[in-house]
Amino acid sequence: MSVLLHDSFLSLKKTVLQLSVSDTLRKLCEVFPGKVVFSTSFSYEDQVIIDIISRSAPVQIFTLDTGRLFPETYTTWTRTLEQYDISIQAYYPNEAELKQFVTSYGPNAFYQSVELRKNCCAIRKVQPLKSALEGNAVWVTGLRAQHSANRNDLEVLEWDDTNQIIKYNPLLDWTTEQVRNYIDEHNIPYNALHDRGYVSIGCAPCTRAIKPGEDFRAGRWWWEDESKKECGLHVHTIVSK
């Protein structure tokens, strides 16, 4: 554990949680200049955060291009760049690892078993994320408590022990209605799949629209048991004290 960074987290936690999202982002950038990053998948939530960043603080924005994203996601990416004066750095899977995986198991191996699906996620998402977070102090995310029952114990500001980084979840307690209202009010571009029943949007082969009454995460890895529906990006031990 980075002792100095963790100590900074404890000090910040006493102050920033009383601030607005914009003021918190500014504060984090003042304390850790050039070391605050935001990971976007161009979801509803992430588009809200990009809008706030564009108005408030020099947070570096990145995305994980898995190579299996929806065309609509790339369109949202393009529209976002057109609307905001920002840059978004893309991180990609390691070519050698991905080549070996696909050669050994095929392009749709993730349907065969949970283990192979998690291996695919590790290559396409988890490892690129580690590269994106390396050397940084704060990771801003678009996580919301409504996303999954597994995320109800998250906090707005946390110490991520796995990635050795401060994690800021500014929209954790926002409802879907609040997110959508913000998008409409500020005329923010968003993924057209949200209007077709897609709530949580990831890779195209692993995402479907949800049916009325289904859980928020039902459209992700729908062929798997509910308890296994995480990709590894946010499955880790959180130390809050």
Side-chain angles (χ1 to χ4, degrees), residues 5 8-9 11-65 69 72-91 129 132-133 135-147 151 154-158 160 163 165-195 198-201 233-234:
L5 186 55
S8 296
F9 154 70
S11 176
L12 282 166
K13 191 170 183 180
K14 298 175 183 178
T15 58
V16 302
L17 298 185
Q18 304 302 317
L19 303 175
S20 66
V21 175
S22 296
D23 287 342
T24 298
L25 289 171
R26 279 191 285 267
K27 179 66 175 179
L28 292 171
C29 287
E30 289 173 5
V31 177
F32 305 106
K35 294 194 175 186
V36 180
V37 296
F38 169 55
S39 57
T40 179
S41 63
F42 305 100
S43 66
Y44 268 154
E45 299 78 16
D46 295 344
Q47 292 300 93
V48 169
I49 295 175
I50 284 178
D51 184 79
I52 295 173
I53 287 173
S54 73
R55 301 168 186 267
S56 60
V59 176
Q60 300 174 60
I61 305 171
F62 72 88
T63 191
L64 308 177
D65 188 347
L69 302 180
E72 290 86 349
T73 300
Y74 291 110
T75 298
T76 307
W77 183 347
T78 300
R79 292 180 61 208
T80 301
L81 291 174
E82 291 171 348
Q83 179 151 328
Y84 299 101
D85 184 21
I86 59 173
S87 62
I88 300 175
Q89 183 170 355
Y91 285 83
L129 175 70
L133 296 181
N136 288 298
V138 181
W139 174 20
V140 183
T141 86
L143 292 179
R144 289 194 296 119
Q146 283 188 342
H147 282 163
R151 298 174 181 179
L154 299 181
E155 298 180 63
V156 173
L157 195 71
E158 309 174 306
D160 182 338
N163 292 299
I165 199 168
I166 297 169
K167 194 171 183 181
Y168 178 42
N169 309 309
L171 305 188
L172 185 65
D173 299 322
W174 284 39
T175 65
T176 300
E177 183 179 13
Q178 286 176 299
V179 172
R180 185 55 195 254
N181 286 343
Y182 186 100
I183 285 175
D184 291 342
E185 180 182 350
H186 295 278
N187 194 30
I188 298 171
Y190 65 89
N191 196 321
L193 292 174
H194 285 305
D195 292 335
Y198 289 79
V199 183
S200 176
I201 302 171
L233 293 183
H234 300 286

Provide the full list of ring-ring contact (aromatic ring centres under 6.0 Å, His included) pairs with a residue in residues 20-42, sequence neighbours left out, each pair given once.
-> Phe42-Trp77
Measure the OG1-CG distance between Thr63 and Leu69 for me, rounded to the nearest 0.5 Å.
-> 7.0 Å
Should Leu129 and Trp139 count as side-chain neighbours, where that means a heavy-atom distance under 4.5 Å?
-> yes
Note: Val140 and Val36 closest approach over all heavy atoms is CG2-CG1, 3.9 Å
Closest non-hydrogen contact found for Leu172 with Glu155 is CD2-C, 3.5 Å
Which residue pairs pass the salt bridge (charged side-chain N to carboxylate O under 4.0 Å, His left out) test with at least one member in residues 36-60, sequence neighbours excluded?
-> Glu45-Arg144, Asp51-Arg55
Check ring-ring contact (aromatic ring centres under 6.0 Å, His included) between Tyr84 and all other residues, then give those that pass, not counting sequence neighbours.
-> none
Kindly determine whether Asp160 and Phe9 satisfy side-chain contact (heavy atoms from CB on, under 4.5 Å), including the steps that lead there.
-> CA-CA 10 Å; Asp160 182 338; Phe9 154 70; over 6 Å; no
Hey, mind stepping through Thr73 and Asn191 against side chain to side chain donor-acceptor pair (under 3.5 Å) and telling me if it holds?
-> CA-CA 6 Å; Thr73 300; Asn191 196 321; 3.1 Å; yes
Flag side-chain contact, heavy atom, 4.5 Å: Val59 against Cys29 = yes
Assign the ring pair Tyr44 / His194 to parallel, tilted or perpendicular, where the plane angle (0 to 90°) is split at 30° and 60°.
-> parallel
For Leu157, which of Thr24, Ile166, Thr15 qualifies under side-chain contact (heavy atoms from CB on, under 4.5 Å)?
-> Ile166
Hey, what do you get for CD1 (Ile61) to CG (Leu81), rounding to the nearest 0.5 Å?
-> 9.0 Å
When rounded to the nearest 0.5 Å, the distance separating CD of Gln146 from CD of Glu177 is 10.0 Å
Dump the intermediate steps for side-chain contact (heavy atoms from CB on, under 4.5 Å) on Ile53 and Ile86, then the final yes or no.
-> CA-CA 9 Å; Ile53 287 173; Ile86 59 173; 5.7 Å; no
Start with the C-alpha gap between Ile49 and Thr40, add the side-chain angles, then the distance that decides, and say whether side-chain contact (heavy atoms from CB on, under 4.5 Å) holds.
-> CA-CA 9 Å; Ile49 295 175; Thr40 179; over 6 Å; no
Measuring from Thr141:OG1 to Tyr168:OH, what's the distance to the nearest 0.5 Å?
-> 10.0 Å
Salt bridge (charged side-chain N to carboxylate O under 4.0 Å, His left out): pairs with one or both residues in residues 183-192, sequence neighbours excluded = Arg180-Asp184
Could you state the interatomic distance from CD1 (Ile201) to CD (Glu72), rounded to the nearest 0.5 Å?
-> 8.5 Å
Given side-chain contact (heavy atoms from CB on, under 4.5 Å), test Leu143 with Lys167 step by step and report yes or no.
-> CA-CA 10 Å; Leu143 292 179; Lys167 194 171 183 181; 3.9 Å; yes
Between Asn136 and Gly34, the two heavy atoms sitting closest are OD1-O, 3.9 Å
List the atom of Tyr91, the atom of Gln89, and the distance in Å for their closest heavy-atom pair.
-> OH-NE2, 3.3 Å
How far apart are the closest heavy atoms of Thr76 and Pro189, and which atoms are they?
-> CG2-O, 4.5 Å
Under the side-chain hydrogen bond (donor to acceptor under 3.5 Å, both in side chains) rule, collect the residues that match up with Thr78, sequence neighbours excluded.
-> none
Heavy-atom nearest pair, Ser56 first then Leu25, reads OG-CD1, 4.0 Å
Non-neighbouring partners of Thr80 that pass side-chain hydrogen bond (donor to acceptor under 3.5 Å, both in side chains), sequence neighbours left out = Gln47
Distance col, row Ser20:OG vs Arg26:CZ, nearest 0.5 angstrom, shows 6.0 Å
Taking C-beta and beyond as the side chain, do Leu64 and Ser39 meet within less than 4.5 Å on heavy atoms?
-> no
